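Reckoned from all heavy atoms, side chains included, excluding hydrogens, waters and symmetry mates. Since the model is a prediction, treat every value here as computed from it, not as a measurement.
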Amino acid sequence: MSVALTKGGNVSLNRQVPGVRSVRVCLGWTAGPGYDLDASALLCGASGKVLTDQHFVFFNNLQSPDGAVRHLGADGGGGEGEDRERIEVRLADVSADVQKVVFAVAIYDAARRRQTFGQVRGAYVRLTDADGGAEVARYDVTPETGSETAMVFGELYRNGADWKFRAIGQGYASGLAGIATDFGVDVLQPAPAAPSAPAPAPAPLPPMPAAAPAAVVPAVPKIQPATGSSPVTCFFDPTHGVGSAVVLWQPQWGVPRQVEACAACAQRVQTTVPPFYTPPQAGYPQQQVQPHVPAQQQDQGGRRFGTGAMLGAGAAGLVGGMLLNEALSDDEPRVVVNNYYEDDDDSFF
């Protein structure tokens, strides 16, 4: 009989299914069009952190190093009430230094798409006997605030010689990257900026426009196997051989597009924060941005006048006007006072 769990509740696997050898963690939800949710598993040691980055099982790493945890991918056809993704755990094969396996679900590229779990309905996690298929336990997940972009649904953990499953239901507004940070995964973190040598003091510059909002760290692109009957060499270097994976390449010029690359280049693209700077590629049109020239600095023939020329012409006109005015006026000479303004403490000109 399946046990209905509430948040924080747990169940003993050996008590429910004596002699159980393998389980499947089945995760499901209902979301609107344009939503792409992904399940993942984190194999953690006694410290509560993943043993290595390879112990983070997700869409770009479908199996743990010991082979005991396998991501089975999308399942069930996506209809309401059906499992969306499944992760299999062979309990006897889990490495002895793994103390728990945490199961999470995140909305892919949630920040850019402005999506949250507030629009996700019917989320759940259920544990089944992989051999017999019987359901052992189920937990219906409910977001607490609706602003979560990733959630930990539950975890399998050791209890002496036994394994137990606990319902968690912890939400993260920082997405999968927030979960990765909590559990010590580095593969999703942005690469640190390279140190630069001290530069001499720059000359005074005109006021800069207001700074743009901080950029959101993009999601890790999903690597897909290349399709097609004809062999295609690696997009980034033909000498690398056949392009065996399809990745979303975000170049310095042009617009993002899918390209076929070798496994090494594909991994390099998906772990580098876009844009992925490379020289312009032959055969792909590049966007060229022309500098903006104000209309007053152009004549009808398209010639441009420099700033010095404009200032000189203005000064000459001003002096000429003053001389002409003085020649036509019969008033006494006037005294011109040059006024200036000081900034007030609470005002800004």
Side-chain angles (χ1 to χ4, degrees), residues 1-18 20 22-31 37-51 55-58 68-69 71 81 83-89 91 94 97-107 110 116-130 134-185:
M1 178 183 296
S2 177
V3 177
L5 296 175
T6 58
K7 185 173 182 177
N10 64 75
V11 61
S12 168
L13 271 61
N14 285 342
R15 185 175 303 171
Q16 290 296 115
V17 188
V20 61
S22 180
V23 295
R24 284 185 179 176
V25 178
C26 308
L27 307 107
W29 54 82
T30 300
L37 281 71
D38 300 295
S40 57
L42 303 102
L43 286 73
C44 304
S47 66
K49 307 291 186 180
V50 293
L51 300 180
H55 287 81
F56 174 44
V57 178
F58 70 124
V69 178
H71 198 307
D83 300 333
R84 292 300 188 104
E85 295 192 1
R86 295 178 180 179
I87 299 175
E88 185 174 85
V89 181
L91 301 173
V94 176
D97 49 357
V98 174
Q99 295 301 306
K100 66 179 180 179
V101 183
V102 180
F103 302 96
V105 174
I107 302 174
T116 68
F117 267 88
Q119 290 78 45
V120 177
R121 299 289 182 266
Y124 67 86
V125 56
R126 64 190 191 96
L127 192 70
T128 66
D129 179 2
E135 184 175 282
V136 179
R138 179 188 176 100
Y139 168 50
D140 292 319
V141 185
T142 303
E144 294 183 347
T145 65
S147 62
E148 299 90 342
T149 55
M151 294 193 69
V152 173
F153 280 26
E155 66 180 12
L156 279 169
Y157 65 97
R158 293 184 188 271
N159 183 39
D162 190 10
W163 283 91
K164 286 189 173 183
F165 181 79
R166 178 186 290 124
I168 302 295
Q170 179 181 352
Y172 288 77
S174 51
L176 186 58
I179 295 178
T181 298
D182 271 8
F183 289 94
V185 180

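- Interatomic distance, CG of Leu42 versus CD1 of Ile179, reported as 7.5 Å (0.5 Å rounding).
- Contacts of Asn14 classified as side chain to side chain contact (heavy atoms under 4.5 Å, CB included), with partners at least two apart in sequence or in another chain: Ser12, Val20, Asp162.
- Not counting sequence neighbours, the partners of Lys49 by the side chain to side chain contact (heavy atoms under 4.5 Å, CB included) test are Ser47.
- Across all non-hydrogen atoms, the minimal contact from Gln99 to Trp163 is O-CZ3, 4.4 Å.
- Counting heavy atoms from C-beta outward, Glu85 and Trp29 have side chains that approach closer than 4.5 Å.
- For Gln119, the CD atom sits in a packed shell: over 12 heavy atoms of surrounding residues, nucleotides or ligands are nearer than 6.0 Å.
- Atoms CG and OG, from Leu127 and Ser2 in turn, are 9.0 Å apart once rounded to the nearest 0.5 Å.
- Take Ala41 and apply the side chain to side chain contact (heavy atoms under 4.5 Å, CB included) test, not counting sequence neighbours, and it matches Val57, Val69, Ile87, Val101, Phe103.
- The side-chain heavy atoms of Leu13 and Leu91, taken from C-beta on, include a pair separated by under 4.5 Å.
- Residues Val136 and Phe165 are not in side-chain contact: their nearest non-hydrogen atoms beyond the backbone lie 4.5 Å or more apart.
- Checked against side chain to side chain donor-acceptor pair (under 3.5 Å), Asp140 has the following partners two or more places apart in sequence or in another chain: Arg138.
- To the nearest 0.5 Å, atom CZ of residue Arg126 and atom CZ of residue Arg86 are 6.0 Å apart.
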Return all side-chain donor-acceptor pairs below 3.5 angstrom for residues 149-159, not counting sequence neighbours, or 'none' if the list is empty.
from, atom 1, to, atom 2, distance (Å)
Thr149, OG1, Tyr172, O, 3.4
Thr149, OG1, Ala173, O, 3.3
Thr149, OG1, Gly175, N, 2.8
Glu155, OE2, Arg166, NH1, 2.4
Tyr157, OH, Arg166, NH2, 3.3
Arg158, NE, Val98, O, 2.7
Arg158, NH2, Val94, O, 3.3
Arg158, NH2, Ser95, O, 3.0

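- Rounded to the nearest 0.5 angstrom, His55 NE2 and Phe183 CZ are separated by 15.0 Å.
- Between Asp129 and Ser22, the shortest heavy-atom distance links the atoms OD1-O, 3.4 Å.
- Expressed to the nearest 0.5 Å, how far SG of Cys44 lies from CG of Asp182 amounts to 10.5 Å.
- Of all heavy-atom pairs between Gly146 and Thr116, the closest is O-OG1, 2.8 Å.
- Between Leu27 and Asp83 the shortest side-chain heavy-atom distance does not fall below 4.5 Å.
- A search for side chain to side chain contact (heavy atoms under 4.5 Å, CB included) contacts involving Thr145 returns Ser147, Glu148, not counting sequence neighbours.
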**Request:** Check the pair Phe117, Leu37 against side chain to side chain contact (heavy atoms under 4.5 Å, CB included), reporting the backbone distance first and the verdict last.
**Result:** CA-CA 10 Å; Phe117 267 88; Leu37 281 71; 4.0 Å; yes

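- To the nearest 0.5 Å, the span separating CZ on Arg84 from OG1 on Thr30 amounts to 6.0 Å.
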**Message:** Please determine whether side chain to side chain contact (heavy atoms under 4.5 Å, CB included) holds for the pair Val50 and Leu43, giving the CA-CA distance in whole Å, both sets of side-chain angles, and the decisive distance to 0.1 Å.
**Reply:** CA-CA 5 Å; Val50 293; Leu43 286 73; 6.0 Å; no

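- A donor-acceptor pair under 3.5 Å links the side-chain atoms of Gln16 to the main chain of Met1, judged by distance alone.
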